[in-house]
Each structure stands twice: as structure tokens, then as C-alpha cells.
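Notes follow once the structure below has been shown.
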Amino acid sequence: MATLNINGKNHDVDVEPDMPLLWVLRDLLGLTGTKYGCGIAQCGACLVHLDGKAAYSCAVPVSAVGARKVLTIEGLPPGPLQKAWLDLQVPQSGYCQPGMLLAAAAL
């Protein structure tokens, strides 16, 4: 059993320690804004923040999260970044946009 702080809320999850954070977010917690892309930490579709730093959730096992705070696209507060994203018409298909927004927010 692991307790994860995701978007400011604690969640108890009973998973194997090597389960990627991506699958905990999507399959167990229903936070589907974090996407599966390449599965090898290259494309950024699965990007989340761990204590404010960008991390590829497909490559982070639950055991490595510990007490760090996880932020997904669902927890990113609205602000000027999202407005600029829309104003500049950045989105194309939209599939990887949550990861790209979180990458930009981590800067």
C-alpha cells in the first residue's frame, strides 16, 4: 500500500511497487489527462510534476514517488499559460497537450 499526494489530495493505492505512476493515475484514479505515448520517457504525453519538476510518469515507479507531491493536468490551476496556449493556437490533435502544458509550467 502506498499513499500518494496527487493534486493536493492523498490517495491510498494498493499496487506493486514497480507499477508506473502513469497507470496508477489513469487506471486506478481516473485521471486520464495524463496520456500514454511512447512508453520510454521520450514524447512527453505522460508528463506530470513531482514536487514542481517535470517527470515522465511512464518511467516513474510508484515506489519512487514517496512523499513527493504529484501534479497532473487536472490539478494545474488556470492561468496565463493556458490563455497563451489558446491565443497562439498551439494545440493540434490535443493528445499530448496536457504533457506539453505541464512541461511549459515546469519552466
Side-chain angles (χ1 to χ4, degrees):
M1 180 76 73
T3 300
L4 304 175
N5 184 295
I6 301 168
N7 299 330
K9 293 174 139 181
N10 286 335
H11 298 270
D12 293 325
V13 294
D14 189 14
V15 298
E16 295 295 322
D18 62 345
M19 183 177 199
L21 176 60
L22 171 65
W23 301 121
V24 172
L25 295 171
R26 290 186 60 79
D27 294 349
L28 298 179
L29 302 177
L31 298 171
T32 57
T34 305
K35 308 291 188 207
Y36 175 80
C38 65
I40 57 171
Q42 295 294 306
C43 73
C46 70
L47 211 73
V48 297
H49 289 183
L50 290 178
D51 280 344
K53 297 190 187 303
Y56 296 98
S57 64
C58 73
V60 175
V62 169
S63 60
V65 176
R68 294 188 286 175
K69 293 181 180 179
V70 179
L71 179 74
T72 70
I73 193 67
E74 290 90 351
L76 185 65
L81 179 61
Q82 291 94 323
K83 182 178 179 342
W85 214 260
L86 294 172
D87 288 349
L88 296 172
Q89 300 178 4
V90 173
Q92 298 296 313
S93 72
Y95 188 80
C96 65
Q97 294 308 301
M100 299 303 106
L101 274 163
L102 285 168
L107 298 174

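When a residue number appears, it is its place in the shown sequence, counting from 1.
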Going by the rule side chain to side chain contact (heavy atoms under 4.5 Å, CB included), which residues pair with A103 if we only count those two or more places apart in sequence or in a different chain?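 Side chain to side chain contact (heavy atoms under 4.5 Å, CB included) list for A103, sorted by chain: L47.
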
Connected via hydrophobic side-chain network under 4.5 Å: [X] and [Y]:
X	Y	value
I6	L71	no
V60	V70	yes
M100	Y95	no
L88	L81	yes

From N10 atom CG to N5 atom CG, the distance as rounded to the nearest 0.5 Å: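 Here the rounded value is 5.0 Å.
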
Heavy-atom closest contact (C58 atom, C46 atom, distance):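 Residues C58 and C46, closest heavy atoms: N-SG, 3.4 Å.
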
Table please: side-chain donor-acceptor pairs of residues 15-43 below 3.5 Å, with sequence neighbours left out.
residue, atom, partner, partner atom, Å
R26, NH1, T32, O, 2.8
R26, NH1, T34, O, 2.8
K35, NZ, T32, O, 2.9

Can you tell me which residue pairs pass the side-chain hydrogen bond (donor to acceptor under 3.5 Å, both in side chains) test with a partner in residues 58-86, sequence neighbours excluded?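 Of all non-adjacent pairs touching residues 58-86, those that pass side-chain hydrogen bond (donor to acceptor under 3.5 Å, both in side chains) are N7-T72, T72-E74, K83-D87, W85-Q97.
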
When you measure from the side chain of H49 to the backbone of L102, do you find a donor-acceptor pair of N or O atoms at a distance under 3.5 Å?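 The answer is yes, because a donor-acceptor pair under 3.5 Å joins these two groups.
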
